[in-house]
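The analysis underlying the following values was restricted to heavy atoms, covering all of them including side chains, and did not include hydrogens, waters or symmetry mates. Throughout, a chain's letter reflects where its sequence line sits, starting with A, and its residues are numbered from 1.
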2 protein chains.
Amino acid sequence: MADFPTPETRWLTDEERTAWLRLIAVTMLLPSRLESELKRDAGLSHFEYYVLAMISETPERSLLLTEVAARTNSSLSRLSHVVGRLEGQGFLSRCTSPHDGRASLARLTEAGWAKVVASAPGHVEEVRTVVFDSLEDGQVQQLSEICARLLGALDPQHVLLGLGERLP
Amino acid sequence: MADFPTPETRWLTDEERTAWLRLIAVTMLLPSRLESELKRDAGLSHFEYYVLAMISETPERSLLLTEVAARTNSSLSRLSHVVGRLEGQGFLSRCTSPHDGRASLARLTEAGWAKVVASAPGHVEEVRTVVFDSLEDGQVQQLSEICARLLGALDPQHVLLGLGERLP
DNA sequence: AGGTTTTAGTTGTTGCTTCAAGTAATCATC
DNA sequence: GATGATTACTTGAAGCAACAACTAAAACCT
């Protein structure tokens, strides 16, 4: 659209272009692969699994919705709908935070915990087959470092990795 | 679910786990970043842009829907809806293939070509800021190689890169 | 204390995606 | 050269996500 005032487009080199096409292909295929594996084996969407798994890793097996939303890069609206569904299926329950009347905690039920325990191995196996089995030893470290740098641009506060607030 | 016959889950090492969390964060954030940039600057979804851009790169500025679907990892159904919309906006037109009465060609209109020309620089700039400006020189090559390996598992036929059929 | 602002979450609408079913042209086979 | 199978797409219904508008609690600010 507004193409004129721009000094000059810095087009991609061939090397960059190839890397880009491959990266974009990965970001298209990887989510849908995980999606269908989880749907088939656990009856959950990847997002639903991710929410349950994240809550399951806390000591109390409960998390503030705001916190879940931040760590999953989801809007509170989306999360509210999804948590409503998961609650309807009996995997978690909502209760108002004792410290803050606005906030609600999502707490895993026994069924929810069981669901995670049952689904995790298959999911990890899938991750292993798709990602790590394909890579040489050194490449895991390389991938990690590269993604860390990309996240520096995509998520400067590192909210998604749950490191949002590291107190001073 | 069926968790028993599995020999033993091969859990992720710490290094792998970190790499995995970062990779998954990237696959969550990168698409939505491109999505909002394109929506804002060009009024297109990333998928719509990708379809137009892919067609624009052919000599005739036209492609079979099947081919587009394969290269974008989209179902024909999804593509049919999207192409319908893009046609409604005047960015492309459909016509039946002369060689195969079942197949249809999507051909860019002048407006469609203009749209791609207008949107591409901003999009490339965004890609550069988010991805390549963050990386050291060697890392572009590393990323490219790593993604190529992942695609080996995700897309063994390399359909997405448009290399599906290399005739004998 | 009172009023504004910010934060946390919910709800409803709109639109895109997926899924299932259907049509029509072509290929394959006998 | 008819019949069955496959391929290429279309269509309609259902579900999920994005967006906007709303409620309510807490924090902030004199």
Side-chain angles (χ1 to χ4, degrees), chain A residues 28-29 31-40 43-51 55 62-89 92-107 157 159 164-165, chain B residues 27-29 31-40 43-52 62-89 92-107 159 164-165:
Chain A
M28 283 180 164
L29 290 170
S32 68
R33 173 72 165 255
L34 300 173
E35 196 71 30
S36 36
E37 181 263 326
L38 280 165
K39 192 56 112 186
R40 177 168 47 82
L44 295 171
S45 74
H46 184 230
F47 182 68
E48 291 169 334
Y49 172 82
Y50 204 65
V51 168
I55 298 175
S62 63
L63 259 184
L64 291 172
L65 293 195
T66 310
E67 185 67 15
V68 177
R71 294 200 203 173
T72 54
N73 187 39
S74 126
S75 64
L76 274 170
S77 163
R78 179 186 184 189
L79 192 63
S80 179
H81 288 292
V82 169
V83 165
R85 252 177 276 146
L86 289 172
E87 190 174 26
Q89 297 180 275
L92 50 78
S93 62
R94 268 183 285 202
C95 56
T96 307
S97 162
H99 308 296
D100 186 337
R102 297 165 300 179
S104 26
L105 286 157
R107 167 169 283 112
Q157 306 303 313
V159 181
E165 309 80 22
Chain B
T27 65
M28 284 179 165
L29 291 171
S32 67
R33 173 72 165 255
L34 300 174
E35 196 71 30
S36 34
E37 181 263 325
L38 280 165
K39 195 54 114 187
R40 177 167 47 82
L44 295 170
S45 73
H46 184 230
F47 182 68
E48 291 169 333
Y49 173 82
Y50 204 66
V51 168
L52 292 180
S62 64
L63 260 182
L64 289 173
L65 293 194
T66 311
E67 185 66 16
V68 177
R71 294 200 203 172
T72 54
N73 186 39
S74 128
S75 64
L76 234 37
S77 164
R78 178 187 185 188
L79 193 62
S80 179
H81 287 293
V82 169
V83 166
R85 251 176 277 144
L86 289 172
E87 190 174 27
Q89 298 180 275
L92 50 79
S93 62
R94 268 182 286 202
C95 56
T96 306
S97 162
H99 308 296
D100 186 338
R102 298 165 299 179
S104 23
L105 286 158
R107 168 170 282 114
V159 181
E165 308 80 23

Of B/G101 and A/S80, the one whose nearest nucleotide on DNA chain C sits closer to the 5' end is A/S80
In terms of the nearest nucleotide of DNA chain C, which residue is placed more toward the 5' end: B/K39 or A/K39?
B/K39
[X] [atom1] to [N] [atom2], straight-line distance once rounded to whole Å:
X: A/Q89; N: D/dG15; atom1: CD; atom2: P; result: 13 Å
X: A/R78; N: C/dT17; atom1: CZ; atom2: P; result: 14 Å
X: B/L65; N: C/dA25; atom1: CG; atom2: C1'; result: 15 Å
X: B/L64; N: C/dT26; atom1: CG; atom2: P; result: 13 Å
X: A/H46; N: D/dA17; atom1: NE2; atom2: C1'; result: 16 Å
X: B/H99; N: D/dA8; atom1: NE2; atom2: P; result: 14 Å
X: A/E67; N: C/dA8; atom1: CD; atom2: P; result: 10 Å
X: B/L79; N: C/dC19; atom1: CG; atom2: C1'; result: 16 Å

Counting C-beta onward and ignoring hydrogens, is there a side-chain heavy-atom pair between [X] and [Y] closer than 4.5 Å?
X: B/H81; Y: B/S74; result: no
X: B/L105; Y: B/P98; result: yes
X: B/L79; Y: B/F47; result: yes

At under 4.0 Å between heavy atoms, what does B/L76 touch on the DNA or RNA strands: base, sugar-phosphate, or nothing?
base
Closer than 4.0 Å, any side-chain N/O of [X] to the OP1 or OP2 of [N]?
X: A/S77; N: D/dC19; value: no
X: B/R102; N: D/dA5; value: no
X: B/R85; N: C/dG15; value: no

Any idea which of C/dG12, C/dG9, D/dA8 is nearest the A/T66 side chain?
C/dG9
Picking from D/dA18, D/dA25, C/dC19, the nucleotide nearest the side-chain atoms of A/D100 would be D/dA25
For DNA chain D, whose closest nucleotide is more 5', that of A/E48 or that of B/L105?
B/L105
Residues A/K39 and A/E35 bridged, charged N to O under 4.0 Å:
no
Taking N and O atoms by type only, does the side chain of A/H81 place a donor or acceptor under 3.5 Å from a partner on the base of D/dG15?
no
Note: A/G43 and A/E48 closest approach over all heavy atoms is O-OE1, 4.4 Å
